[in-house]
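Contents: one structure, followed by commentary.
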Amino acid sequence: MTRITETPAWAALAEHQRAMATVHLRDLLADDPGRAERLTVEAGALFADYSKHRVTDETMRLLLDLAEAAGLRRMIDAMFAGERINLTEDRAVLHVALRAPADASIVVDGENVVPGVHAVKRRMAEFAERVRTGEWRGATGRPIRTVVNIGIGGSDLGPAMAYDALRAFSKRDMAFRFVSNVDGDDIAEALLDLDPAETLFIVASKTFTTIETITNATTAREWLRAGLADAFDADAADELGDGDAVARHFVAVSTNAAKVAEFGIDTANMFEFWDWVGGRYSYDSAIGLSLMVAIGGPAFDEMLQGFHAMDEHFRTARFERNLPVLMALLGVWYHNFFDAETLAILPYSQYLGRLSAYLQQLDMESNGKSVDRSGRRVDHATGPVVWGTPGTNGQHAYYQLIHQGTRLIPADFIGFLAPHHDTRHADGYRHHDLLMANFFAQTEALALGKTRDEVVAAGVAEHQIAHRVFEGNHPTTTILAAQLTPAVLGQLIACYEHKVFVQGVVWDVNSFDQWGVELGKSLAVRIEPELVAADEPPLDHDASTKALIRRYRAARPR
Ligand code: F6P
């Protein structure tokens, strides 16, 4: 099969890059005033300005040719039709079914999966309502005040990110915590001030075999049993069996009912999803149960409608007006033709503090691949390193490197027209105006920079001039929405999901497996008994690892 790098479309872009390498955004913006209107796109509630990219109409045309050459249309249709495009795991990839309306039909193995999706959603909504209203009682009869989600990777990052993002819509008299790390300090800190009688654990794991999650859930169960034993003594409440206590304080979200039962959670308290939902694409499935308890069923539904609106945009909009497609192609332009290695995600909203961590898994676990779909080593760069933190904090930390360092760092700036708290001073001065002034200033400064002439004209001392020049020409996408609502969050996340999909298609990698996490996992399983063995175990490792294990063993309490 022809590699993407062997297509005329790739060659045309490589040649075009040679011409574009020296073109400055300052000139592109000055010479073509219509550009700021032309190079924008609206997708649902999201407005995106990509005029501050090092592209011309010709660049966009060539990138769109590349998408055609990669067979993008056929792959989009294949995903939405439930074809088994996850080749190595022989699975369909149908996160879009999680937000399909009730009357849609998406068939997997001869069965329409949509009714099942809606049935689970209804059970989730009923359960969430019972917890939120206090009808669901703990073992001592008290209502739940804190929900602790135990999961890792896609079973943690999605709900944790979305809970933060939608905190303004959450039930404020309940607390929500997310425990993921197998580091015992994580769960110890999370449980430190909690009352077991008022705590509900949601154990979220697609496989229910993930060692971190099972270890944390076991610790939580022991903590609960010990704490409830004290509570029963103190309250002299009616005696409940251990099974009842676990049943009232533990629910599970998984595809693996057998393992859930084995752990001791009643499968009546299990919310299912399906193997055609990848972990990093799952927070709009039952994996989002903790989020649903926090924001309620109707708001969760609004979020799903947002996801679906972006799915429809992605499925139906012409590629030249298709936001995920355009974002993906711009990424390809920099990662493959300018050797840019990273992508900064810079949300100007504190509520999106965990967005880049979430997108790291979505993007890097999906497209961090070096063989193509047929198993050949690729001859081009694949997924970027994704990173970032909310503005304006980053401005006082690493923006220096973006502005004046030697690397090209494309960035997505995400902002909102209205905040949730319109925090003001007595004289009317608004935080949000200052936040957004920074938001607009940064993309302008990154694009235009400051020339030597401008620095000289500003009267800067001779010895500082070189240090105060900004080369500019740093590309950014600006994404704006009215306010961070559940529907807008759904659209934003679906947009990134589809962006990652498009890039996977262009790079011809399977974006839906993650074999790269296996080697370290299996080595850890081998090393753990060596750390705890009573007698000095024979060690079959490299010299460095052996020495480190011995050092740990020497310090370990017996
Ligand atoms: O990191 C590997 C991975 O399989 C992720 O893809 C997944 O989100 C995470 O582990 C957790 O898996 P599970 O939900 O099965 O516990």
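Both ligands and their constituent atoms are indexed starting at 1 by order of listing. Values below: every heavy atom of this structure, side chains too, minus hydrogens, waters and symmetry copies.
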Mutual orientation of the aromatic rings belonging to [X] and [Y] [parallel < 30°, tilted 30-60°, perpendicular > 60°]:
X: W136; Y: F127; value: perpendicular
X: F512; Y: H95; value: tilted
X: W507; Y: H335; value: tilted

* Asked: For ligand 1, is there an N or O atom under 3.5 Å from any N or O atom of G279?
  ->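 The answer is no, given that G279 and ligand 1 share no N or O pair closer than 3.5 Å.
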* Asked: Purely on distance, is any nitrogen or oxygen of K521 under 3.5 Å from one on ligand 1?
  ->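 No, there is no polar N/O contact under 3.5 Å.
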Measure from [atom] to every heavy atom in [options] and give the option owning the shortest one.
atom: atom 15 (O) of ligand 1; options: D156, T207, T209, I287; result: T207
atom: atom 2 (C) of ligand 1; options: E518, K206, E365; result: E365
atom: atom 11 (C) of ligand 1; options: I150, T213, I152; result: I152

* Asked: Which heavy atom of the protein is the closest neighbour of atom 12 (O) of ligand 1, given with residue, atom name and distance?
  ->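 In this structure, atom 12 (O) of ligand 1 has T210 OG1, 3.5 Å as its nearest protein heavy atom.
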* Asked: Which residue supplies the protein heavy atom nearest to atom 8 (O) of ligand 1, what is that atom called, and how far is it?
  ->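 Protein heavy atom at minimum distance: G154 N, 2.7 Å.
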* Run the contact test for E212 against ligand 1 with a 4.0 Å cut-off on heavy atoms, strictly below, and give the result. =>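 Contact check E212 vs ligand 1: negative.
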* **Residue S155 vicinity, atoms of ligand 1 by number, heavy atom under 4.0 Å** =>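 Numbered from 1, ligand 1 contributes 13 (P), 14 (O).
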* Atoms of ligand 1 close to G153 [distance to a heavy atom under 4.0 angstrom, numbered from 1] ->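 Every atom of ligand 1 under 4.0 Å from some heavy atom of G153: 8 (O).
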* To do: Report yes or no: does N256 contribute a side-chain atom to a donor-acceptor pair with the main-chain N or O of T207 at less than 3.5 Å?
  =>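 Flag set: sc N256 to bb T207 pair under 3.5 Å.
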* Any donor-acceptor N or O pair under 3.5 Å, side chains N367, S511 ->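 Yes, S511 and N367 have a side-chain donor paired with an acceptor closer than 3.5 Å.
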* Within 6.0 Å of CG in L401, more than 12 heavy atoms from elsewhere ->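 Yes.
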* Asked: What distance do I287 atom CD1 and L157 atom CG have between them, rounded to the nearest 0.5 Å?
  ->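 Rounded to the nearest 0.5 Å, the CD1-CG separation comes out at 11.5 Å.
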